[in-house]
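So the structure is just underneath, and the comments pick up after that.
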Amino acid sequence: MLLTRRNLLKVAGTTAAALAALPLTNLTHLFAHDLENSSGPMLLPGEPPLPLGRVADWQVQVRTEPKKGAKLVRNAKRDEVLFLEEQVEGEPVMAHNKIWFKLEDGYAYSSFIQPVLQQLNTPEPDKAAGKFWGQVTMPFADARTSPDSKARRVARLYYTSVYRVTEAVQGADKQWWYRLTDGVVFNPNGPYIPASHMLRIDPSEMTPISPEVKNKRIEVNLAKQMLTAYEGDTPIMSSRTATGYGAFQTPTGAFRIIRKRMSSRMIGGAGSDAYDLPGVPFPSYFTTSAVAFHGAYWHNDFGRRRSHGCVNTPADVARWIWRWTTPQMSYEDVEMRTRDVTATPVVVI
């Protein structure tokens with residue numbers, strides 16, 4: 001049975017429960033207790049992690065078999081939403097991943113497809129007056145200059161991205177829209193997205209995980225593209241990662257968590273390498289050069305180096321890290337910075 005994101009968060013309130021829940025949210029997760037018996041990251045055939053997938057690359061090739069050389073059925077274009085019937089082992093397009101998604105009309109390689117839900121929510125205009133954090137629960141939602149579906153689109157916001165809602169207004173069609181700020185500031189008066197496309201993150205869903213535990217640390221293994229969270233000598237959570245590539249290597253060494261945000265708009269690069277990523281979910285920074293653990297909605301390509309230095313993880317892993325590491329950040333804050341020498345250590349090897 002598939003878990004909805006809200007149900008996942010309800011059961012992930014403790015470390016042990018998080019272990020049971022996390023592997024269902026994305027095919028890239030791995031049970032920590034399987035590490036001793038595994039030669040590397042594990043991808044399991046079977047039911048896909050979520051029922052739908054959004055094409056996250058410019059296009060994805062759909063083929064008659066899960067093989068690079070199989071007959072081409074068609075090219076699925078960026079942001080097309082696909083029905084995921086099954087995930088199967090096939091010929092690896094890249095060495096780190098041999099999982100393909102079975103579709104209605106063929107097979108597509110999983111690294112380029114973001115597993116998503118299409119979940120409409122009941123608007124909560126009464127909560128907006130006090131401001132809250134929300135997460136997009138549709139494959140994508142178009143942000144516009146005003147609360148009108150015909151207004152100019154200023155950004156496309158993707159599944160699992162996070163923003164602060166500061167106001168709810170009704171458009172001419174009497175539908176509720178949320179005005180967003182942190183994570184996607186394009187002008188002081190917006191932008192707006194349909195309220196039904198965003199789920200309010202309740203403060204109870206961001207409470208600390210195992211706050212009584214003092215001896216926590218995270219280890220990132222760049223060669224294996226794995227991170228593992230430890231309490232003492234016990235591994236309690238592990239996930240595949242996508243770390244820095246080329247000139248943007250993730251630095252090795254010993255660090256500590258020094259800053260957290262609920263959301264960040266990340267802008268950088270130049271030319272064909274330029275990027276503008278609104279609503280990057282749950283960044284936890286561990287270097288002064290802004291290297292962080294954070295969710296990544298723009299790919300499903302965990303298990304190889306491909307980032308601009310940060311440690312990309314699935315969004316629910318980033319949220320878990322945000323909640324589990326110290327110091328904690330208040331739900332009401334936009335950002336937390338610390339020089340606390342007891343903050344959670346991070347070791348990158």
Side-chain angles (χ1 to χ4, degrees), residues 1-5 7-8 21-31 34 38 40-119 135-141 156 158-161 225-226 238-242 281 295-307 312-318:
M1 182 178 70
L2 295 175
L3 288 176
T4 66
R5 190 177 60 79
N7 287 339
L8 168 70
L22 282 174
L24 293 178
T25 66
N26 188 289
L27 63 91
T28 59
H29 300 173
L30 175 67
F31 278 118
D34 288 330
S38 175
M42 179 172 62
L43 298 174
L44 297 179
E47 191 173 60
L50 291 175
L52 302 173
R54 178 187 65 85
V55 176
D57 211 343
W58 292 111
Q59 66 178 22
V60 166
Q61 295 176 337
V62 180
R63 297 189 177 274
T64 55
E65 298 178 77
K67 299 178 181 179
K68 292 185 291 185
K71 182 180 179 181
L72 180 68
V73 176
R74 66 186 179 92
N75 289 315
K77 302 299 184 181
R78 184 181 180 90
D79 291 347
E80 181 178 342
V81 178
L82 309 169
F83 288 95
L84 308 184
E85 296 184 353
E86 189 180 1
Q87 60 185 34
V88 301
E89 289 186 356
E91 181 183 357
V93 175
M94 294 176 287
H96 69 290
N97 182 14
K98 57 185 177 182
I99 295 297
W100 293 63
F101 288 136
K102 184 178 185 299
L103 313 176
E104 295 175 301
D105 57 348
Y107 296 85
Y109 193 55
S110 65
S111 284
F112 311 128
I113 298 173
Q114 181 198 16
V116 298
L117 290 175
Q118 186 162 297
Q119 175 184 323
Q135 193 164 30
V136 175
T137 60
M138 300 291 284
F140 56 82
R156 177 156 281 184
Y158 290 103
Y159 180 75
T160 71
S161 59
Q225 284 300 297
M226 296 287 293
S238 188
S239 173
R240 301 184 91 187
T241 61
Y297 54 77
W298 48 95
H299 68 83
N300 187 35
D301 194 21
F302 303 102
R304 73 179 177 107
R305 301 174 191 240
R306 57 161 294 150
S307 81
N312 289 189
T313 72
D316 285 314
V317 171

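All values below come from the heavy atoms of this structure, side chains included, with hydrogens, waters and symmetry mates left out.
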Within the 4.5 Å heavy-atom criterion, are [X] and [Y] side-chain neighbours or not?
X    : Y    : answer
R240 : Q225 : no
I99  : E89  : yes
F302 : S239 : no
L52  : V116 : yes
V73  : Y107 : no

Residue that, paired with F140, satisfies side chain to side chain contact (heavy atoms under 4.5 Å, CB included) out of Y158, Y297, Y159: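 Exactly one option meets the side chain to side chain contact (heavy atoms under 4.5 Å, CB included) with F140, and it is Y158.
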
Which heavy-atom pair separates [X] from [Y] by the least distance, and what is that distance?
X    : Y    : result
P92  : K98  : CG-CB, 3.8 Å
R78  : A56  : NH1-O, 3.1 Å
L84  : L103 : CD2-CD2, 3.8 Å
R306 : A242 : CG-CB, 3.6 Å
S110 : N300 : O-ND2, 3.1 Å

Looking just at side-chain N and O atoms, do Q114 and R54 make a donor-acceptor pair shorter than 3.5 Å?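 Looking only at side-chain atoms, R54 and Q114 do form a donor-acceptor pair, the distance falling under 3.5 Å.
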
Does a side chain donor of either N97 or S111 reach within less than 3.5 Å of an acceptor in the other side chain?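 Distance-only check passes for N97 and S111.
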
Donor-acceptor pair, side chain of T64 and main chain of A70, under 3.5 angstrom: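 Flag not set: sc T64 to bb A70 has no pair under 3.5 Å.
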
So, the side chain of W100 versus the backbone of E91: is there a donor-acceptor pair under 3.5 Å, distance only?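 Side chain of W100 to backbone of E91, a donor-acceptor pair under 3.5 Å: yes, one is there.
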
Euclidean distance, [Y] [atom2] relative to [X] [atom1], rounded to 0.5 Å:
X    : Y    : atom1 : atom2 : value
Q61  : K68  : CD    : NZ    : 11.5 Å
Y109 : M94  : OH    : CE    : 4.5 Å
T241 : R305 : OG1   : CZ    : 9.0 Å
D57  : N75  : CG    : CG    : 11.0 Å

Tell me, please, which residues at least two apart from R63 pass salt bridge (charged side-chain N to carboxylate O under 4.0 Å, His left out).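 Salt bridge (charged side-chain N to carboxylate O under 4.0 Å, His left out) list for R63, sorted by chain: empty.
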
Quick one: do L117 and L50 satisfy side-chain contact (heavy atoms from CB on, under 4.5 Å)? Show the steps, please. CA-CA 7 Å; L117 290 175; L50 291 175; 3.9 Å; yes

